[in-house]
Amino acid sequence: MSEEVKNTAAPEEEALSEKEVNEQMQVRINKMHQIEEHGWKPFGHKFEVSNYSGDINLNFEELSANETVVRVAGRIMAIRGHGKTCFMDMQDKDGRIQIYVRKDAIGEENYALIKLLDIGDIVGVSGTVFRTHMGELSVKAAAIEILSKSLRPLPEKWHGLKDVDIRYRQRYVDLIVNPEVRRTFVLRSKIIKTMRDILDDNGYLEVETPIMNTIPGGAAARPFITYHNALDMQLYLRIATELHLKRLVVGGFDRVYELGRVFRNEGIDIKHNPEFTSVEIYQAYGDYNDMMDLTEKIVSEIAQKVLGTMKITYEGQEIDLTPPWPRMSMIEAVEKYTGQNFEGVTDVETARKMADAINVPYEPSFGVGKIINACFEEYVEAKLIQPTFITGHPKEISPLAKSNPDNPEITDRFEGFIYGREICNGFTELNDPIDQRERFLKQVEERNAGDEEANMMDENFLDALEHGLPPTGGLGIGVDRLVMLLTDSSSIRDVLLFPTMKNIGGEKTANKAETANVELPKLDLSKVKVDPLFEDFVDFDTFCKSDFRVVKVVACEAVEKSKKLLKFTLNDGSGKPRTILSGIREFYDPEELVGKTCVAITNLPPRKMMGIDSEGMLISAVYEYDGKEGLNLLMLDNNIPAGAKLR
């Protein structure tokens, strides 16, 4: 039989049901027992591999001319053949290679094993290499042995892994059946190695600092909390590596970096995972200009060395990473895109009026600095497609950065943006312990006022600063976001081997069982306060013009740099996705709302929020409970179809 005759099964119309999977597993288990009856081991031991498909392809002429016996191993991805010959596609770490098996070459007894093999089994083969008359690289088997019997069938190629949620939960299967996923993670490894090489070659020392800390510091984020039984103390998983690394600069390590995981107890969306990889870099006797130069060097050289070019394509947009990158201050950027010039503005009322003029929302507690930042996030950030450095951040939002000598309310800080997303953050580090203490005290005030992301007072770090921190430049790069950019991956989950996922199925049921007898707290109605009913009547015809529709939540994510907003992608029955932003992040995690059925007003004019057009309004019930705001998103039975009209 020739290799052109593909005796594979036709693609299934749907993924296998649980019953079908169980039936196939039983068939495979029966084959496993038959293998044992023949005296073979279905789960083998060591197999000496001499070659992989990649180097066989590279060295084919030499291997073929010398009739070199190669020993290859991998997973069977296809089997075709009848009678006395068989072809198999075997997948190893480099790719696929065809295995050609003849009964007269391996013997009748050994050929019986072939009939007991299934797609997914792992085998070892020895033989010589050749190309078929169609040019396909192949190994003519002289011997074959089973190394691991696959008891569970792989998902059908086109249907079994179309559910991205399953792909993330069963990454091992995703890697088997999707070569492009494997390529992404190979590139990730090369990107990280190249980053280390660049830093090492420029005199930076890689160090390791504690993951568990007594105080979470170095960033504005909500930490994960754990407990050490022996020490009888509460600990926090680190939200940044900054403060320990600066302690090391105080100790005399002039150039240090740490590349590792940090943890933030926040929402999950396409750009955020609770644990993620970052690199923080510190250089004594440098400043933020040096760190911008270093950022350009790291990103552009990684692209050149790993991808072979500094011009990449991300989500259809060509991006040129070639240095130097444009640099502009935050105030300059806001003026460029809004026409509002905050230069010299120190009065908060003036700043509020300027924000009002361009419809930028702000909190009552916002000072001038936070209002400027809100304007930047609303109108500027999404427009920074090509690599751009934004400098001159307000002191109010930069508690660890050194103030600019010409304007104490502005810091020597920068953020690098690519494709409208922050890729890095850096400072001239604050080395004045008195100033740092005052900023910590301000952060403590904000924390006491309810800001869970504000920094705590860190006396140990202040003690280090009081011993003298030299002028220092600092830089943090989000490694996962950089990998997303360089691999053209749209979600952070696509570049994390095992992203954080919500429990489902048995795990969720088990959790429910443990809490089944726990009585949920009931509202004390005496503490509930609702707004009085409106006294003014609304014209009936006017009211009827409001289009209330049932909508299904297709996707939900936290809006970056907003503590309040969630971005919903909705199915409203029209066939076109609808985007609505809602300020309910305090009450819901975005992941738990996916798949829910809600109600929205769909004929409101689009309203720009954080630079995103919100196309309507989701309906929620709001009230006051015990002096605090309560909110419940109105959710309906999932059997109600999207687009159903409320009347």
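- Using a 4.5 Å cut-off on side-chain heavy atoms (C-beta onward), L294 and Y204 make contact.
- Between E318 and T313, the side chains place no donor N or O within less than 3.5 Å of an acceptor N or O (distance only, hydrogens not considered).
- Listed for the N57 side chain is no donor-acceptor partner under 3.5 Å among the backbone atoms of F60.
- Judged by a 6.0 Å distance limit and a 45° cone about the ring axis, R71 is positioned over the six-membered ring of F47.
- Between the side chains of R131 and Q98, no donor N or O sits under 3.5 Å from an acceptor N or O.
- By the 4.5 Å heavy-atom criterion applied to side chains, V72 and V125 are counted as neighbours.
- Stacking of K84 on the aromatic ring of Y111 is not recorded, the 6.0 Å distance cut-off and the 45° axial limit not both being met.
- A salt bridge links R196 with E206: at least one charged nitrogen is closer than 4.0 Å to a carboxylate oxygen.
- The cationic group of R171 does not satisfy the cation-pi geometry with F498, failing either the under 6.0 Å distance to the six-membered ring centre or the 45° limit from the ring axis.
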Item to complete: Take N59 and D55 through the side-chain hydrogen bond (donor to acceptor under 3.5 Å, both in side chains) test and state the conclusion after the steps.
Response: CA-CA 6 Å; N59 302 303; D55 63 81; 4.7 Å; no

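- Formation of a donor-acceptor pair under 3.5 Å by the D269 side chain with backbone atoms of E557 is not found in this model.
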Worksheet item: Hey, mind stepping through T194 and K305 against side-chain hydrogen bond (donor to acceptor under 3.5 Å, both in side chains) and telling me if it holds?
Response: CA-CA 8 Å; T194 305; K305 291 179 180 179; over 6 Å; no

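- When each of D121, V101, I97 is paired with M88, the side-chain contact (heavy atoms from CB on, under 4.5 Å) condition holds for V101 and for no other.
- Between L116 and K149, the closest heavy-atom pair is O-NZ, 2.8 Å.
- Other residues, nucleotides and ligands contribute only 12 or fewer heavy atoms inside 6.0 Å of the CE atom of M212.
- Ion pair D480/K271 not flagged as a salt bridge, since none of the NZ, NE, NH1 or NH2 atoms sits closer than 4.0 Å to an Asp/Glu carboxylate oxygen.
- Listed by chain and residue number, W40 satisfy the ring pair (Phe, Tyr, Trp, His ring centres under 6.0 Å) test with H38 (two or more places apart in sequence, or in another chain).
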Discussion item. Using side-chain hydrogen bond (donor to acceptor under 3.5 Å, both in side chains), reason through D320 and T322 one step at a time and then give a plain yes or no.
Written reply: CA-CA 6 Å; D320 188 354; T322 306; 2.6 Å; yes

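- Heavy-atom neighbours of K596 NZ from other residues, nucleotides or ligands within 6.0 Å: at or below the threshold of 12.
- When all heavy atoms of I477 and C424 are compared, the closest pair comes out as CG1-CB, 3.9 Å.
- Donor-acceptor pairing under 3.5 Å is recorded for the side chains of E315 and Y419.
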Worksheet entry | side-chain hydrogen bond (donor to acceptor under 3.5 Å, both in side chains) evaluation trace for Q34 with N30 | CA-CA 6 Å; Q34 292 178 57; N30 293 340; over 6 Å; no

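- Side chain of N273 to backbone of E275: a donor-acceptor contact under 3.5 angstrom is found.
- The heavy-atom pair separating E242 from Y282 by the smallest distance is CG-OH, 2.9 Å.
- One N or O on the side chain of T132 and one on the backbone of E136 form a donor-acceptor pair closer than 3.5 Å.
- E258 places a side-chain N or O within 3.5 Å of a backbone atom of T209 that can act as its donor or acceptor partner.
- Q91 places no side-chain N or O within 3.5 Å of a backbone atom of G95 that could act as its donor or acceptor partner.
- Few gaps surround OH on Y588; more than 12 heavy atoms of other groups in view lie less than 6.0 Å from it.
- For the pair N202/K297, a side-chain contact is recorded, criterion being any heavy-atom separation below 4.5 Å from C-beta on.
- Counting only heavy atoms from C-beta outward, the side chains of L187 and V306 approach each other to under 4.5 Å.
- E180 CD: more than 12 foreign heavy atoms inside a 6.0 Å radius.
- In this structure, K31 places its NZ atom where more than 12 heavy-atom neighbours from other residues, nucleotides or ligands lie under 6.0 Å away.
- Under 4.0 Å is where a charged nitrogen must lie from a carboxylate oxygen, and between R182 and D174 no such pair does.
- For the pair R96/S53, no side-chain contact is recorded, criterion being any heavy-atom separation below 4.5 Å from C-beta on.
- Legend: residues meeting ring pair (Phe, Tyr, Trp, His ring centres under 6.0 Å) with Y236, ordered by chain and number and at least two apart, are absent.
- A 4.5 Å side-chain heavy-atom check between K567 and I270 finds every atom pair outside the cut-off.
- The backbone N or O of I239 sits less than 3.5 Å from a side-chain atom of R264, completing a donor-acceptor pair.
- One finds no salt bridge joining R222 and E266 here, because no Lys/Arg side-chain nitrogen approaches an Asp/Glu carboxylate oxygen to under 4.0 Å.
- Taking the side-chain hydrogen bond (donor to acceptor under 3.5 Å, both in side chains) definition, one finds that D589 meets it with nothing, sequence neighbours left out.
- Summarising the local packing, CD of E108 is surrounded by 12 or fewer heavy atoms from other residues, nucleotides or ligands at distances under 6.0 Å.
- A 4.5 Å side-chain heavy-atom check between T68 and T128 finds every atom pair outside the cut-off.
- When side chains are defined from C-beta on, R493 counts as touching I268, because their heavy atoms get closer than 4.5 Å.
- Put simply, the residue from T597, N638, N571 that forms a side chain to side chain donor-acceptor pair (under 3.5 Å) with K552 is T597.
- For the residue pair S489 and R188, no side-chain donor N or O sits within less than 3.5 Å of a side-chain acceptor on the partner.
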Worksheet item: Under the ring-ring contact (aromatic ring centres under 6.0 Å, His included) criterion, do F263 and F224 qualify, and how do the steps go?
Response: CA-CA 7 Å; F263 310 85; F224 285 96; 7.1 Å; no

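- Nearest heavy atoms, R261 versus T277: NE-OG1, 3.0 Å.
- Between R102 and D104 there is a salt bridge, since at least one side-chain N of the basic residue sits less than 4.0 Å from a carboxylate O of the acidic one.
- Summarising the geometry of E36 relative to P42, their closest heavy-atom pair is CG-CD, 3.6 Å, with the distance given to 0.1 Å.
- In this structure, the side chain of D118 does not engage the main chain of R28 through any donor-acceptor pair within 3.5 Å.
- For I319 against P387, the heavy-atom pair with the smallest separation is CG2-CD, 3.8 Å.
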